[in-house]
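Chain identifiers are assigned alphabetically (A, B, ...) following the order of the sequence lines, protein sequences preceding nucleic acid strands; residue numbering begins at 1 within each chain. Side-chain atoms are counted along with the backbone in the values below, which use heavy atoms only and exclude waters and symmetry mates.
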2 protein chains.
Amino acid sequence: MAAADRKEREKEQRKNAIINAAEKLFFSNGFGNVSMEEIAKEVELGKGTLYLYFKSKDSLFFAIISRRWEEFGETMIEKMNHGKNGFEKIQIMIKWFIEYSQKNPEYNDMATTFGPQLFQRIDPEDARMMMELSMKYMPLVHYAIREGIKDGSIRNDLDPALLGMYIQMITFNVVSPNPSIKNSFAAQGISYDTYVEMLPKFLCPSIARLPEKECNSKDEIFQR
Amino acid sequence: MAAADRKEREKEQRKNAIINAAEKLFFSNGFGNVSMEEIAKEVELGKGTLYLYFKSKDSLFFAIISRRWEEFGETMIEKMNHGKNGFEKIQIMIKWFIEYSQKNPEYNDMATTFGPQLFQRIDPEDARMMMELSMKYMPLVHYAIREGIKDGSIRNDLDPALLGMYIQMITFNVVSPNPSIKNSFAAQGISYDTYVEMLPKFLCPSIARLPEKECNSKDEIFQR
DNA sequence: CCTTATAATGACCGGTAGTCATATGTTGGT
DNA sequence: ACCAACATATGACTACCGGTCATTATAAGG
């Protein structure tokens, strides 16, 4: 049955075409300002057709997010392999976060602006999908931290899972700050770039095992 | 003209009654699931009347937020005065963040879930209001950090404003994590309480000037 | 007591997510 | 070549909501 295969492929292509259209529109106009009608028009389909491929507008959002996470995660795996010890691997991860956010500012904006609300009302099926994705990449961080604890490059007085969550949460929120934080940059006389680039220097002492001055030298890896 | 005064007072009372009603409903059902009709019903007014007192539903949100910020900030001023050096003042601030979030979980949830989107599309007038509020309380943090740098309790290799932003951003995001982060607690086998309570231990080395071990003793102030 | 200003109202408008009866291919058997 | 049966596509329709505005009710003051 080659026909069934072809249909399957076509269906997958359609799905991707819809995601592409939605992504493009969400990025340029914001999730909240794009209607399903507009997305349908962009892919040259009827509105109802979208609902054959995605359960809701929210689901479309999560399809975009998950495609991005996958892309981000796969590259992270490759990059982290080059770290020579646990601490370096974490540094590489942080660098990759920064690099990715700088290369994809629209994605980041969308995710931080609308993510909280949409994750809160996420439906069980999408929740499972997102959970699987994070289960796929979280272990990487844990391994790196455990490795760092063993090789003496990372502090050993905190649960590795906990340390991993702090690092990821902080990095994520620095590279893609809430609109409310963003607003206060100007008032503080701080540029977003400085805020991002100084993160390693700020955060290093809370991650590394080494005393302060060595830590400062160690974070030179962050400077280009 | 006592009548004019009375009218003014009554107007202020109405305004507050509306905020109260909105807060109650937003907290229990979520900003997105409460209609202006329902709020009007709760205060026993017509829907149109709400728009005599608030420009939009979003403005109602910011009225709630600003009332809370004021309350939070005023208490923060009092509490921080009791710190004996810059570092202690920052510790007190972090503790107060934690305490306030634990006492007002619904407020925190609402703010983190809907804040990003609403801050993004905030109208100029509300933006000015919120900006004034943060200008009122941000200096506190700066003074504390500068004091800490002078008295040797806080690291001196970072711009105080920058350090302040990191600390506030991190503390805020720990005490009121995004729904997406919240989801992963279970997967990581970490409790929210641990996550919050270990924050000082994690963060201290990045703030204090002292070498690691002294820092650890210093953060005993965090333990109850 | 009546005129005028102020406050309150809810029917109405425009716009949107999601549904569903209908229409339009597509396939596979005869 | 033809015809069921099945899959796919559609856009009119529904329900709902934020915000407006012509109209009504209330209060003030002369």
Side-chain angles (χ1 to χ4, degrees), chain A residues 1-19 21-22 25-26 29-64 110 114 117-118 120-126, chain B residues 1-19 21-22 25-26 29-64 110 114 117-118 120-126:
Chain A
M1 287 277 189
D5 277 8
R6 199 203 60 208
K7 276 227 167 168
E8 199 58 38
R9 266 202 327 274
E10 278 178 358
K11 196 155 183 167
E12 211 52 42
Q13 280 173 1
R14 266 250 195 288
K15 224 171 159 172
N16 254 295
I18 294 171
I19 297 177
L25 292 172
F26 288 166
N29 302 342
F31 179 83
N33 297 319
V34 176
S35 71
M36 290 301 266
E37 282 279 356
E38 291 175 87
I39 297 169
K41 209 165 194 177
E42 177 78 23
V43 274
E44 294 173 298
L45 289 170
K47 177 161 76 136
T49 311
L50 298 189
Y51 288 89
L52 297 178
Y53 294 90
F54 296 94
K55 209 167 45 239
S56 65
K57 193 184 174 190
D58 285 15
S59 269
L60 211 33
F61 175 88
F62 288 111
I64 293 169
M110 185 192 71
F114 296 96
Q117 190 185 353
L118 301 186
Q120 198 219 24
R121 64 182 196 215
I122 191 170
D123 86 290
E125 202 173 317
D126 286 334
Chain B
M1 285 274 189
D5 278 7
R6 200 205 58 208
K7 277 228 167 168
E8 199 59 38
R9 266 203 327 275
E10 278 179 355
K11 198 157 183 167
E12 211 53 43
Q13 280 173 0
R14 267 249 193 289
K15 223 171 161 171
N16 254 296
I18 294 171
I19 296 177
L25 292 172
F26 289 166
N29 302 342
F31 179 83
N33 298 318
V34 176
S35 70
M36 291 300 268
E37 282 278 356
E38 290 175 89
I39 298 169
K41 208 165 195 177
E42 177 77 23
V43 274
E44 293 172 300
L45 289 171
K47 178 162 74 138
T49 311
L50 299 189
Y51 288 90
L52 297 178
Y53 294 90
F54 296 94
K55 206 167 45 240
S56 64
K57 194 185 174 189
D58 285 15
S59 270
L60 210 32
F61 174 87
F62 288 111
I64 294 169
M110 186 193 71
F114 296 96
Q117 192 186 352
L118 301 186
Q120 198 220 22
R121 63 181 197 216
I122 192 171
D123 87 289
E125 203 173 317
D126 286 334

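You'll find that the side chain of A/K11 is closest to D/dT8, out of D/dG18, C/dA8, D/dT8. Between D/dT10, C/dA17, C/dT9, one nucleotide has an atom nearer to the side chain of B/L45 than all others, and that is C/dT9. Of the candidates C/dA7, D/dG19, D/dA9, the closest approach to any side-chain atom of B/Y53 belongs to C/dA7. Proximity note for B/L52 (side chain, C-beta onward) versus D/dG19, D/dT10, C/dT9: the nearest is C/dT9.
Taking atom OH of A/Y51 as the reference point, atom P of C/dT16 lies 12 Å away to the nearest angstrom. Distance, A/D123 CG to C/dA17 C1': 15 Å, rounded to whole Å. The CD1-P distance, from A/I18 to D/dT10, rounds to 10 Å in whole Å. Across the protein-nucleic acid pair, B/I39 atom CD1 and D/dC17 atom P stand 11 Å apart, rounded to whole Å. In this structure, B/D58 atom CG and D/dC17 atom C1' are separated by 13 Å, rounded to whole Å. Distance NZ (A/K57) to P (C/dT16): 9 Å, rounded to an integer number of Å. Here the C1' atom of nucleotide C/dG10 and the NZ atom of B/K41 are 13 Å apart, to the nearest Å. One interatomic measurement links the two molecules: CZ of B/F61 to P of D/dG18, which rounds to 15 Å at whole-angstrom precision.
Taking the side chain as every heavy atom from C-beta outward, A/R121 and A/Q117 approach each other to under 4.5 Å.
In this structure, B/S35 reaches the sugar-phosphate backbone alone: every heavy-atom distance under 4.0 Å involves primed, P, OP1 or OP2 atoms, never a base.
Nearest-nucleotide positions on DNA chain D for A/E37 and A/E44 put A/E44 closer to the 5' end.
Minimum heavy-atom separation, B/V43 to B/A21: CG1-CB, 3.4 Å. The nearest pair of heavy atoms linking B/F54 to B/A63 is CE2-CB, 3.7 Å.
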Anything under 3.5 Å between a donor and an acceptor, one on a side chain of residues 30-41 of chain A, the other on a protein residue two or more places apart or in another chain? List them.
from	atom 1	to	atom 2	distance (Å)
A/N33	ND2	A/N29	O	3.0
A/S35	OG	A/E38	N	3.2
A/S35	OG	A/E38	OE2	3.3
A/E38	OE2	A/S35	N	2.9

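The base of D/dG18 sits with one of its N or O atoms less than 3.5 Å from a complementary donor or acceptor on the side chain of B/K47.
Atoms CG and CG, on A/D126 and A/L60 in that order, are 10.0 Å from each other to the nearest 0.5 Å.
The side chain of A/R14 places no N or O atom within less than 4.0 Å of a non-bridging phosphate oxygen (OP1 or OP2) of D/dT8.
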